[in-house]
Amino acid sequence: MARFKAHAPLIIGIGGTTRIGSSSEKVLRAALAEAEKLGARTLLLAGPDLVLPLYAPEEPTRDLKAQRLITAIRECDGVIIASPGYHGSISGMVKNALDYVEDLRKDERPYLDGRAVGCIACAYGWQATGSVLAALRSIVHALRGWPTPLGIAANSLDELFDEQGACTDKVLAPQLRILAEQVVSFAAKAPAEARAFA
Ligand SMILES: Cc1cc2nc3c(=O)[nH]c(=O)nc-3n(C[C@H](O)[C@H](O)[C@H](O)COP(=O)(O)O)c2cc1C
């Protein structure tokens, strides 16, 4: 297990839906739990955290939830995004949240620059997961992030978790470990950060 000598990297999770029992939120939580096992600090922004005004670039102020999201993205060292498939692409809620990254355009480290981003797509059946994953990766690329080599497609029709939220699926569980490892290890290698594995 990787441990950090100095500051543990902050990995944030963005995604899920407003639905109680959201499968994409469960997958996101499980991925963040894997990142924690690797020594990362994590922050989940899901469901109600992402019910934000429609992103308006010309607005001079942001509401408190939007400020929290922007600050979290600014301070993070890596990101994991989980979106449901809505009509063949990512949900409007997740896209709107990602549009707020525009507020980081003038930062020293603009947008998602220098951060690895793990992408997860959840849908009923497999067909939409492919287009959702491709859309997520394309958005991350546009935001100057580094999509991890492994992206995850999860079928929400399957029983994937136990009551404690642990992943019980033999295919998904190791994928979540690998995705978390790719995000965390990239954060540890980031040249701007003075941290190293023990
Ligand atoms: C508005 C809407 C559109 C959807 N469109 C699709 C779709 O195009 N393809 C698909 O496989 N599932 C689709 N679904 C099913 C969702 O992808 C699936 O329920 C997903 O697990 C929802 O995420 P959640 O469990 O986190 O709420 C749609 C669901 C909703 C509510």
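Only this structure's heavy atoms are used, side chains among them; waters, hydrogens and symmetry mates stay out. Order of appearance sets the numbers: ligands from 1, and atoms from 1 within every ligand.
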Any N or O of P84 closer than 3.5 Å to N or O of ligand 1: no

Protein heavy-atom partner closest to atom 12 (N) of ligand 1 - residue, atom, separation in Å: Y124 N, 3.6 Å

Exam field: side chain R115 to backbone I73, donor-acceptor pair closer than 3.5 Å: yes

Close-contact set for ligand 1 against A128 heavy atoms, below 4.0 Å: 9 (N), 10 (C), 11 (O)

Any side-chain donor near an acceptor of the partner, Y124 and N155, under 3.5 Å: no

Identity and distance of the protein heavy atom lying nearest atom 2 (C) of ligand 1: Y86 CD1, 3.6 Å

Which atom of A8 lies closest to which atom of G39, heavy atoms considered: CB-O, 3.1 Å

For atom 17 (O) of ligand 1, the option (of A121, G85, G125) bearing the nearest heavy atom: G85

Check: E25 N/O within less than 3.5 Å of ligand 1 N/O: no

Sub-4.0 Å heavy-atom approach of C122 to ligand 1: yes

Main-chain N/O of P48 paired with K65 side-chain donor or acceptor, under 3.5 Å: yes

Under 3.5 Å donor-acceptor, Q67 side chain and R62 backbone: yes

S83 vs L136 side-chain heavy atoms within contact, under 4.5 Å: yes

Structural part of S156 in contact with ligand 1, heavy atom criterion under 4.0 angstrom: side chain

Which segment of H87 sits under 4.0 Å of ligand 1 when only heavy atoms are counted: both

Geometric N/O contact G88 with ligand 1, under 3.5 angstrom: yes

